[in-house]
Amino acid sequence: MTRLILAIDQGTTSTRAIAFECSEDGALRPVAVSQIELEQHFPKPGWVEHDAGEIWTATLQTCREVVRKGGGIGRFAAVGITNQRETSVLWDAATGEPLHRAIVWQDRRTAEATGRLAAAGHEPEVQAATGLILDPYFSASKFAWLLDAVPGSRERAARGEVKLGTIESWLIWKLTGGASHVTDATNASRTSLMDLRTMQWRPDLADLFGVPMEALPDIRGCADHLGDCEPSLFGAALPIHGAAGDQQAALVGHGALNAGDAKITYGTGAFLVANVGDAPVTSTSRLLGTLGYAVGDVTAYALEGSIFSAGSAIQWLRDGLKVISESRQSEAMASGLKDNGGVYLVPGFTGLGAPWWEPGARGTIVGLTRDSGPAHMVRAALESLAYQTRDLLDALEKDGAPKLSVLRVDGGVTANAFAMQFVADICEVTVERPAFQEMTALGAAKLAALGVSLIPDLKDHPVEAPARWTPRMGPDERERLLKGWRGAVRAAIIAAQ
Ligand code: ADP
């Protein structure tokens, strides 16, 4: 039986392959996994690079191991790929070798270039077409930087001799032995070059950023046939039939398929993606307009907001303040207090993200009294996750997004039941955590399974019941706490000015 899907999850810190078995009822269960850590390169302050060759080697190695553990290539029906988004690769079409290290999404080296475009008044046209603000985060300025850095590559790009792409494009090129130069629409939506409505590259934007269209991959749907693996790699020409950027794959993994469904991944930072339905919504509160997924003739648009410090605030309690020795101790310490004692922590360690966008803000603690102790710091850090989530949900509402039904959560921090209950209370929403946590890989597997008709649709078929938290807090208490939080954010912003 060929009921296995090979999901590749190429993340910022590691490369993983997971084999999922599709049962007749449409549920996907993981049966084998392999993972290799990825080396991070920091050549200058603000610069972050990966070795695209190392990413390819690790992908091949983890896939081969999972194919073996899964019982051989004959049991596999297709490959699905999900990846760290925006990370940009330039490679030689003839040799298949990268021409420079990949520029990672966090890299700020093109801040001046995007700043120049913003100063020249280009942000409204870029946002109207792509949903994105002008920021070095997105791939276009990284592509242009790579072409400038590698002598002769601009001229070669025009002749089709060098290729540009994000990580899934690079991996598909390698997996197909150079036969396919494609991307999926969700990854393309993070470049600043794709029109969100037509899902085609915009020649005017390619011109604006200085990226030759000839070097860009073709844009495909998320469950399209993206190419066939070169038979010598795994012993058969396995089709690649699904791809999506990591946050979008997580949306699919959670089964957040309807307008008003949203997911937030609480890891080191936190990423909210809210499904807004079949038409794009332009944000007036500096959320990002993006694609949820595009499958056949179904397109789901999304709004996205990020919190820079989520789990990292817990890491700071552990490694900086040293008031806990393990992350999980935070739950008991916070629950041991009857309330927060008026203490708030704004975890602006690396500035504040949406909707505040204060890059100069720093971490701020307010409300200390002589009774404040380590437990108050812990509680304030955990509570800050919920307040920041509320700020994002308020921004969504302001943008006219459909009312949220359920907030689906995943990521390391969701092990903390105190924090999850507090999110439900402060955000006035039911919080659901699936029993299986690998939503990103699951999303990629679902897309590929749909692509080869192993499953009929992307609906959720959880193998086990999710954990659920419903709001219990009264409105007066919530208002009082939110007032305290807003005062703390004001203090953080004033201190930064
Ligand atoms: P990433 O994918 O960004 O590396 P993970 O999803 O693995 O992140 O989550 C790791 C984060 O979760 C760490 O910052 C850690 O401090 C936090 N974390 C793990 N367990 C708990 C817990 N029980 N309570 C609070 N935070 C936790």
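Order of listing sets the numbers, starting from 1, for every ligand and every atom in it. The basis for the numbers below is simple: all heavy atoms, side chains too, and nothing from hydrogens, waters or symmetry mates.
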Student: To check your reading of the model: name the closest protein heavy atom to atom 17 (C) of ligand 1, its residue, and the distance in Å.
Tutor: V413 CG2, 3.8 Å
Student: Which residue and non-hydrogen atom of the protein lie closest to atom 24 (N) of ligand 1, and at what distance in Å?
Tutor: N416 ND2, 3.0 Å
Student: Using 30° and 60° as the class boundaries, would you call the ring planes of F436 and F20 parallel, tilted or perpendicular?
Tutor: perpendicular
Student: Counting only heavy atoms, which portion of S327 has something under 4.0 Å from ligand 1: side chain, backbone, both, or neither?
Tutor: both
Student: Within the protein, is there a heavy atom lying under 4.0 Å from atom 2 (O) of ligand 1?
Tutor: no
Student: Listing request: all side-chain hydrogen bond (donor to acceptor under 3.5 Å, both in side chains) pairs with a residue in residues 471-481, at least two apart in sequence or in separate chains.
Tutor: E428-R478
Student: So for Q315, does at least one of its heavy atoms come nearer than 4.0 angstrom to any atom of ligand 1?
Tutor: yes
Student: Give the residue, atom name and distance (to 0.1 Å) of the protein heavy atom nearest atom 4 (O) of ligand 1.
Tutor: T268 OG1, 3.5 Å
Student: Starting from atom 8 (O) of ligand 1, find the nearest protein heavy-atom neighbour and note its residue, name and distance.
Tutor: G267 CA, 3.4 Å
Student: Between R190 and E304, does any NZ, NE, NH1 or NH2 come within less than 4.0 Å of an OD or OE carboxylate oxygen?
Tutor: yes
Student: In terms of side-chain geometry, is the basic nitrogen of R29 or E21 positioned less than 4.0 Å from the acidic oxygen of its partner?
Tutor: no
Student: Which residues pass the side-chain contact (heavy atoms from CB on, under 4.5 Å) test with T13, not counting sequence neighbours?
Tutor: Q40
Student: Please report whether the ring centroid of W145 lies less than 6.0 Å from that of W47.
Tutor: yes
Student: Between the candidates S309, G412, S312, which shows the shortest non-hydrogen contact distance to atom 20 (N) of ligand 1?
Tutor: G412
Student: How far is atom 23 (N) of ligand 1 from its nearest protein heavy atom, and which residue and atom name does that atom have?
Tutor: R328 CA, 3.4 Å
